[in-house]
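A note on names: the letters A, B, ... follow the listed sequences, proteins ahead of strands, and every chain is numbered from 1.
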There are 2 protein chains.
Amino acid sequence: MSSTASSHTAATSPTPAKPAQKRVRRTAEEARRLILDAAEKRLATQGPEGIRLQDIARDVGISHPAILHHFESREGLVKALIARTNTQLREKLLAALSNADDPAQDPIESVFEALSDRGTARLLAWLLLTGRVTDTDRSPQMLMTEIADQLHAYREENASQNGAPAPDREDTFFLAMLTTSVAFGDAIIGRYLAEEAGLDEAGVKRFRNWFGKLLRQHVERTDTPAGDDEGK
Amino acid sequence: MSSTASSHTAATSPTPAKPAQKRVRRTAEEARRLILDAAEKRLATQGPEGIRLQDIARDVGISHPAILHHFESREGLVKALIARTNTQLREKLLAALSNADDPAQDPIESVFEALSDRGTARLLAWLLLTGRVTDTDRSPQMLMTEIADQLHAYREENASQNGAPAPDREDTFFLAMLTTSVAFGDAIIGRYLAEEAGLDEAGVKRFRNWFGKLLRQHVERTDTPAGDDEGK
DNA sequence: GGTTATACTTACATTGCTGTCAATATATGA
DNA sequence: TCATATATTGACAGCAATGTAAGTATAACC
């Protein structure tokens with residue numbers, strides 16, 4: 001097929017096949033959003049190698065050069081994806097913490113929930129594995145410090161209400177670090193372990209509750225004057 | 001350089017340039033080992049995309065078809081690497097648990113140590129991300145069950161010595177799952193968080209001790225008859 | 001309604017990597 | 001010392017994926 005090299009340059013040719021193709025034209029912002037969504041989904045389901053311009057283009061329903069038009073290169077797409085995910089993660093986590101005053105909402109559990117989202121954890125894992133984290137503006141570790149600070153304020157208030165001495169700052173940081181590591185690890189490997197061990201959805205939930213209780217016991221033990229543990 | 005296309009097919013040509021190249025010839029086993037080592041290192045330092053036959057071949061000092069000779073394909077190399085790492089991880093973990101009777105050696109800490117090794121965790125992360133775990137004979141989850149069983153026996157003995165009721169089996173499984181997730185998560189993301197938060201080597205060690213203590217407190221609280229916690 | 005900016009497309013160039021083939025050198029055993 | 005097996009190599013085939021160039025269609029603005 002296609003032997004004549006100049007097929008479309010000769011516009012004056014009598015070929016009536018000009019099909020007047022209908023072409024969808026989105027705003028740049030919208031197009032970028034759709035592309036990033038597709039890339040994120042590919043990454044979550046197929047891993048690092050799942051980000052291929054042609055596949056993503058097919059998912060969105062465009063041609064792959066359109067992607068290159070919006071993001072300079074494949075690398076540009078990846079960076080944009082990282083930036084967006086960072087922002088989303090940040091917003092989710094801070095939102096989760098913002099209603100820490102609400103006694104019905106356990107802040108630790110909220111953090112866990114937000115971080116253990118499948119796509120986010122996988123993206124995070126990938127960018128940590130490939131060492132691509134350094135050059136983003138709002139990297140996760142800043143977030144960590146922020147979270148630790150908020151948690152610490154929460155604990156200090158609690159302790160002062162109970163008449164206990166202020167908790168150690170490092171203890172709070174370790175708490176945050178543990179929660180982050182667990183949530184992350186759980187999202188990547190825990191889900192798999194649970195599945196193989198015959199643990200169903202309810203089992204996973206029980207695990208989370210168990211973990212939350214473990215942390216709560218630690219906090220209560222630390223932030224109350226005596227070894228005064230309330231049963232549940 | 002090299003313009004004549006048929007340089008080595010014309011053996012009868014009078015060119016004296018036949019350099020009688022010295023060629024290193026290893027045993028198949030040795031060659032496989034070297035190749036796997038190089039592949040493992042590449043993976044650990046550069047992530048998934050670091051496994052390229054040509055690069056690995058250069059590292060070892062051979063040509064890339066030699067790799068294809070020993071492992072059928074790139075996929076074969078990857079599978080072999082997975083199998084070997086699984087075996088190594090398994091041996092390390094079981095060895096760590098085997099001296100659980102030794103009171104100076106905290107089994108939890110040992111497990112943590114064994115799993116948090118950088119290369120192992122990274123490889124594990126990658127094969128979990130790309131979903132390549134299923135078709136290996138001794139997959140990590142079997143290991144998990146085994147570990148949980150050993151830990152449970154350990155706890156049951158402890159509890160009976162203290163005259164406490166036998167601990168819940170699921171509690172032990174959760175304990176193992178938590179330890180695995182933390183060790184894994186710590187190896188991938190925790191190290192990074194610690195670094196950014198200005199936590200040095202000693203700080204990381206403190207975190208591990210802190211975590212170990214947290215678990216120990218839980219176990220003691222559970223496996224002793226009353227709320228009888230011993231200070232340290 | 002005409003003009004302009006740009007989102008989008010088709011076709012092609014280029015690069016890089018896996019895998020194949022025939023030839024070669026080296027260890028092992030008779 | 002010769003024969004055999006096989007570890008190893010260079011050259012090339014083929015493919016897949018990114019990126020480029022030039023042209024086309026659509027929305028917005030006058």
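Spacing between atom CD of Glu30(B) and atom P of dA27(C) amounts to 14 Å, rounded to whole angstrom units. Whole-Å rounding puts the Gln54(A) CD to dC15(D) P distance at 15 Å. Nucleotide dA7(D) holds its P atom 11 Å from the CD1 atom of Ile35(B), rounded to whole Å. In this structure, Arg25(B) atom CZ and dA7(D) atom C1' are separated by 4 Å, rounded to whole Å. Atom CZ in Arg58(A) sits roughly 12 Å away from atom P in dA16(D) (whole-Å rounding). The nearest whole Å value for the distance from the CD1 atom in Ile56(A) to the P atom in dG19(D) is 12 Å. If you measure from atom CG of Leu53(B) to atom C1' of dC15(D), you get 15 Å, rounded to the nearest angstrom. Here the P atom of nucleotide dT18(C) and the CD atom of Glu49(B) are 12 Å apart, to the nearest Å.
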Note to self: Determine whether Arg26(B) and Val24(B) satisfy the following criterion, side-chain contact (heavy atoms from CB on, under 4.5 Å), listing intermediate values before the conclusion.
What the structure shows: CA-CA 6 Å; Arg26(B) 286 154 280 253; Val24(B) 185; 3.7 Å; yes
Margin query: Before you tell me yes or no, could you show the steps for Phe173(A) and His152(A) under side-chain contact (heavy atoms from CB on, under 4.5 Å), namely the whole-Å CA-CA distance, both residues' side-chain angles and the distance that decides it to 0.1 Å?
Written below: CA-CA 8 Å; Phe173(A) 182 76; His152(A) 198 63; over 6 Å; no
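The residue among Val24(B) and Ile51(B) whose nearest nucleotide of DNA chain C is located toward the 5' end is Ile51(B).
Look at Arg52(A) and you'll find a side-chain N or O under 4.0 angstrom from OP1 or OP2 of dA17(D). Remark: Arg26(A) is in phosphate contact with dC8(C), judged by side-chain N or O atoms under 4.0 Å from OP1 or OP2.
Residue Arg42(A) comes nearest to Asp59(A) through the heavy atom pair NE-OD2, 2.7 Å, listed as atom of the first residue, atom of the second, then distance.
Near DNA chain C, defined here as any heavy-atom distance below 4.0 Å, the residues from residues 62-77 of chain A are Ile62(A), Ser63(A), Pro65(A), Ala66(A), His69(A), His70(A), listed numerically.
A heavy-atom distance below 4.5 Å is not found between the side chains of Glu49(A) and Glu49(B). The shortest distance between side-chain heavy atoms of Phe207(A) and Asp186(A) falls below 4.5 Å. Counting heavy atoms from C-beta on, the side chains of Arg84(B) and Arg33(B) come closer than 4.5 Å.
Among residues at least two apart or in separate chains, side chain to side chain donor-acceptor pair (under 3.5 Å) pairs with a member in residues 63-75 of chain B are Glu75(B)-Arg132(B).
Judged by distance alone, with hydrogens and angles left aside, Arg23(B) brings no side-chain donor or acceptor close enough to the base of dT9(D) to form a pair under 3.5 Å.
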